[in-house]
Amino acid sequence: MSAHHESEPKLYRYSRTVCGVFTQVLCALFSVFITVLSRPGSSLFSWHPFLMTLAFSFFMTEAILLFNPYSSPIKKLKHKTKGRLHWILQGLCVCCAAAGLAAIFYNKNLNDKPHFTSWHGLIGVLTVSVVGLQSLGGLPLLYPKLAKGWSLAKLKRYHAASGLLTYLLGSLSLFLGLCSAWFTSSVSGYVWYLAVLCPVLCALVVMNQVTNAYMARKPMQY
Ligand code: HEM
């Protein structure tokens, strides 16, 4: 942990750690909940909510939270190691998102239903495209030779800012998925509100982490 963090009041550090750990547990529980509800393999459709939740609520959230200076389970490891784990988790996120999109697309074709007719479908397809582009955008950070004259510090900032937007799009797609007829007919009342709390809370925690790490710094600190 940096000297900057050590100078912070203990209570402040503990509350940030508790908040981060709680978010990680919440994401895992949310993913298990959607898995139980959708029963992957029971139908072609069932793969869609399962794979999308795994991609965005689990892999992408973990890929970002592993950089959390307070609650990351690997906070003591080198930044390079975290970076490696980050791209592996993001790679898994892209694979699951592409497979989840293919499942719902093919399912709609089989049922002769029109594509991308709901806000969820439209924002969802945009999210999957953006997450693909965001991953390609991360390649110069992995292979600095590709950066060709760009400053790596600048690229990292752009990657973090666009990554945050991508994450918020993912959270919005998850939220809209929870508003779908399939989900609202499966759960009701306070369970629905509890489920919605997961993408909302995670989005807030991730937003806080990324803005603190990259955007809230004074320019002289770069
Ligand atoms: C970030 C996560 C998600 C993304 C990117 C996403 C993406 C999409 C896309 C692109 C479609 C339209 C496919 C087409 O029209 O061919 C769709 C449909 C659908 N999704 Fe998702 N989805 C996500 C999560 C979820 C979740 C968690 C649920 C359920 C809880 C869900 C339930 C549905 C349903 C019921 C449909 C069919 C109705 C409709 O087109 O709105 N999705 N999704």
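Whatever order the structure lists ligands and atoms in, that order sets their numbers, starting from 1. For clarity, every value in this text was computed on a predicted model and none was experimentally measured.
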Using a 3.5 Å distance criterion without hydrogens, assess whether the side chain of Glu62 forms a donor-acceptor pair with backbone atoms of Leu89. no
- Message: Donor-acceptor check, side chain of Thr61 to backbone of Phe56, threshold 3.5 angstrom: yes or no?
- Response: yes
**Asked** Between Thr127 and ligand 1, does any nitrogen or oxygen pair lie at a separation below 3.5 Å?
**Response** no
When distances are taken from atom 19 (C) of ligand 1, the protein heavy atom at minimum range is His120 CD2, 3.4 Å
| request: Output yes when the distance from some N or O of ligand 1 to some N or O of His48 is under 3.5 Å, and no in every other case. | output: yes
Atom 16 (O) of ligand 1 sits nearest the protein heavy atom His115 ND1, 2.5 Å
Under 4.0 Å from one or more heavy atoms of Val125, ligand 1 contributes atoms 10 (C)
### Task
Please check if the side chain of Gln24 supplies one atom and the backbone of Leu65 the other of a donor-acceptor pair under 3.5 Å.
no
To atom 41 (O) of ligand 1, the nearest of Ser38, Ala103, Ser186, Ser118 on a heavy-atom basis is Ser118
Filtering Leu51, Ile104, Ile34, Thr117 for the heavy atom nearest atom 36 (C) of ligand 1 leaves Ile104
the protein heavy atom lying closest to atom 40 (O) of ligand 1 turns out to be Lys108 NZ, 2.7 Å
>> Please check this pair: side chain of His120 against backbone of Cys179, looking for a donor-acceptor N/O pair closer than 3.5 Å.
In response: no
For Trp182, the atoms of ligand 1 under 4.0 Å from one of its heavy atoms are 29 (C), 30 (C), 35 (C)
**Message:** Is it the case that the side chain of Ser31 and the backbone of Leu54 share a donor-acceptor pair, with hydrogens and angles ignored and the cut-off at 3.5 Å?
**Reply:** no
So the atoms of ligand 1 within less than 4.0 Å of a heavy atom of Leu101 turn out to be 10 (C)
Backbone of Tyr70 reached by a side-chain donor or acceptor of Lys75 within 3.5 Å: yes
Exercise. Establish, yes or no, whether a centroid distance under 6.0 Å links the rings of Phe67 and His79.
Key: yes
The atoms of ligand 1 lying under 4.0 Å from a heavy atom of Pro49, numbered in the order shown, are 28 (C), 29 (C)
Exactly one of Leu174, Thr23, Ile64 clears side chain to side chain contact (heavy atoms under 4.5 Å, CB included) with Cys202, and that residue is Thr23
* Asked: Are any side-chain N or O atoms of Asn111 and backbone N or O atoms of Lys113, one a donor and one an acceptor, separated by less than 3.5 Å?
  -> no
Taking only non-hydrogen atoms of Thr53 and a 4.0 Å limit, the atoms of ligand 1 in range are 27 (C)
In this structure, atom 26 (C) of ligand 1 is nearest to the protein heavy atom Gly177 CA, 3.9 Å
Practice prompt. Give a yes or no on this: more than 12 heavy atoms of other residues, nucleotides or ligands lie within 6.0 Å of atom CH2 of Trp87.
Written response: no
Closest to atom 34 (C) of ligand 1 (heavy atoms only, candidates Phe45, Phe56, Phe175) is Phe45
shortest atom 15 (O) of ligand 1-to-protein heavy-atom contact is with Phe116 N, 2.7 Å
Contact region, Ile123 to ligand 1, non-hydrogen atoms below 4.0 Å, reads neither
Within 4.0 Å of some non-hydrogen atom of Leu174, the atoms of ligand 1 are 1 (C), 2 (C), 27 (C)
closest protein heavy atom to atom 5 (C) of ligand 1 is Gly124 O, 3.5 Å
For Gly170, the atoms of ligand 1 under 4.0 Å from one of its heavy atoms are 1 (C)
Ranked by distance from atom 2 (C) of ligand 1, the top protein heavy atom is Met52 CB, 3.6 Å
Separation between CZ (Phe30) and SG (Cys198), nearest 0.5 Å, reads 5.5 Å
for atom 10 (C) of ligand 1, nearest protein heavy atom and its distance come out as Gly121 O, 3.2 Å
Quick note on ligand 1: atoms under 4.0 Å from a heavy atom of Phe105 include exactly 16 (O)
Check whether the side chains of Ser162 and Gln134 place a donor and an acceptor atom closer than 3.5 Å, and report yes or no. yes
(message) If we count only N and O atoms by modelled type, under 3.5 Å, do the side chains of Ser71 and Thr17 hold a donor and an acceptor together?
(response) no
